[in-house]
Novice: 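Pasting a structure here, questions to come.
Just so it is clear, the values below take in all heavy atoms, side chains as well, and ignore hydrogens, waters and symmetry mates.
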2 protein chains.
Amino acid sequence: MQESYLRELLKVDEQEIRLTEKQANILAAAIEIFAEKGYAATATSEIAKRAGVAEGTIFRHYPAKKDLLLAIVKPGVLKLAVPVFASNMVENIFNREFHGIDELLRTFIYNRLDFARQNVAILRIVLQEFAFHPEIKMIIEESFLEQVYPRIKQTVIGFQEAGLLKEMPIKTMVRCIVSPILGFIVTRFLLNPDAEWDEAQEVEHLIDFILKGIEA
Amino acid sequence: MQESYLRELLKVDEQEIRLTEKQANILAAAIEIFAEKGYAATATSEIAKRAGVAEGTIFRHYPAKKDLLLAIVKPGVLKLAVPVFASNMVENIFNREFHGIDELLRTFIYNRLDFARQNVAILRIVLQEFAFHPEIKMIIEESFLEQVYPRIKQTVIGFQEAGLLKEMPIKTMVRCIVSPILGFIVTRFLLNPDAEWDEAQEVEHLIDFILKGIEA
DNA sequence: TCCTTTTGTGAGTGATTACTCACTTATCAT
DNA sequence: ATGATAAGTGAGTAATCACTCACAAAAGGA
């Protein structure tokens, strides 16, 4: 894991984060082991060992083990959620030209697919640990309920008013759209990552499936 | 948690299982705490405490902590997977009379929904722990790949040959069918169990969504 | 009743845990 | 170069961990 990658991932606010080599090693080792065996089953001594660092060094930078987890998960969740409908996505499609729902779905799916591809370990950690740590649950709820859901909702309502989508409660529709996508991402990267995947074909089937299910 | 319920749940083979009150208490306590805080974060001392039992009693019946986990998870997975297309389900629809795919989906969804409702804790444990324990993963893979998947596959092929389903790789189609159902079950019982759910309406939307997405 | 087997006990064990702290080393502005 | 601050160290600590074992109580068959 590259230090520059970590620095970019962990940058939550706009302020730059400086990482010494050892600090980057700690984060990289923690991400690896947390993803492998889970937070609770991971010993700080093991993280220190894999990072090539004294155990005290970890606690120099993170007051407690849980702070290390949050330092990984927090920016992970934010990067996972925030850019979903970011900058040149919804805006492009809505304000400039309209390529249809399938084009929007395609952009959305490939965007999150690529994110998942580059962050499998963190994805795994988030999925595994959010159930047990209220802090993580709160971060997810905040970023999802405040960033992701409203934008999807707004988009869906827009299409609904244009008469392109069938009548369905927004939450139900969002779940119907997100579930198969998440289902694909999870099987693709977590459940069966070693299978041979015809990703383009899968995505097209996915788009067709979702589209048929939601259009008027 | 009732002793009779536990005895029924844990019955994997046909042989009856006798449980003393203390044994039932241990299992009930373990299910509770494992679901609450995860396997690795659960101390055997805590299980003993909540079960009202000496710590030694746990190890009298389960050689190691992991055996206690497996004693809970194994029958849970089997009951979750095996009866999916059991006895009077596929057979009824195929051999006797044909009520259409929607009727099949409806039966399937309500069946698994009711199972989830009665086994939320175990469902949570399985979902949380299978990633870290190869034994659990194997049990799931075996029961899914040998029991569930072939039956769904057979059913799907049947409908496909009748010209009722669109062309799509079987695995992709199964995933497209299962993902939204699982998505609903997970949000219904794990993510947002306290919300007010119009279950019947949700199920009908779900059926309509899936159906439109897969039919020719 | 008596003997055998099963079930239950709880103090005890060594290993491991997250975390501390007095200390050394490196970084950097002046 | 010098002093101040930050980064890094590793032996040490109390608590907790999963698990053991010698023993007691209960159950069950004769």
Novice: Whole-Å distance between D/dA7 P and A/L19 CG?
Specialist: 11 Å
Novice: Does OP1 or OP2 of D/dC17 have a side-chain N or O of B/S45 closer than 4.0 Å?
Specialist: yes
Novice: When you compare the protein's N or O atoms with those of nucleotides 3-5 of chain D, which come within less than 3.5 Å of each other, and at what distance?
Specialist:
none

Novice: Send over the distance from B/I47 CD1 to D/dT16 C1', rounded to a whole Å.
Specialist: 15 Å
Novice: When all nucleic acid strands are considered with a 4.0 Å heavy-atom cut-off, which category describes B/E55: base, sugar-phosphate, or nothing?
Specialist: base
Novice: Taking B/M168's backbone N and O only, do any of them form a donor-acceptor pair with B/T172's side chain (distance below 3.5 Å, no angle check)?
Specialist: no
Novice: Using only side-chain N and O atoms of A/K22, determine if any of them is under 4.0 Å from OP1 or OP2 of D/dG8.
Specialist: no
Novice: Quickly work out the B/R60 CZ to D/dA18 P distance and round it to whole Å.
Specialist: 19 Å
Novice: With ring centroids as reference points, do A/F209 and A/F184 lie under 6.0 angstrom apart?
Specialist: no
Novice: Surrounding NZ of B/K171 (heavy atoms of other residues, nucleotides or ligands, distance under 6.0 Å), is the total greater than 12?
Specialist: no
Novice: Check for a donor-acceptor pair, side chain of A/K65 on one end and backbone N or O of A/Y39 on the other, with a separation under 3.5 Å.
Specialist: yes
Novice: Using side-chain contact (heavy atoms from CB on, under 4.5 Å) as the criterion, point out the one residue from A/I157, A/V156, A/V178, A/I152 that pairs with A/M173.
Specialist: A/V156
Novice: What is the distance, rounded to the nearest whole Å, between atom OH of A/Y62 and atom P of D/dG8?
Specialist: 11 Å
Novice: Does B/S45 form a side-chain hydrogen bond (donor to acceptor under 3.5 Å, both in side chains) with B/E55? I'd like the steps, not just the answer.
Specialist: CA-CA 6 Å; B/S45 61; B/E55 210 176 339; 4.9 Å; no
Novice: Roughly how many Å is it from NZ in A/K49 to P in D/dT9, rounded to a whole number?
Specialist: 16 Å
Novice: For the pair made of CZ in A/F59 and C1' in D/dT13, what is the distance, rounded to whole Å?
Specialist: 13 Å
Novice: Is the charged tip of B/R112 near the ring of B/F115: under 6.0 Å from the six-membered ring centre and within 45° of its axis?
Specialist: yes
Novice: First and last nucleotide of DNA chain C in contact with chain A, 5' to 3', at under 4.0 Å to a heavy atom: what are they?
Specialist: C/dT17 to C/dA22
Novice: Using a strict cut-off of less than 4.0 Å between a Lys/Arg side-chain nitrogen and an Asp/Glu carboxylate oxygen, indicate whether A/K137 and A/E142 qualify as a salt bridge.
Specialist: no
Novice: Looking at A/T57, does any N or O in its side chain come under 4.0 Å of the phosphate oxygens OP1/OP2 on D/dA7?
Specialist: no
Novice: Could you tell me whether the side chain of B/S179 and the main chain of B/C176 form a donor-acceptor pair under 3.5 Å?
Specialist: no
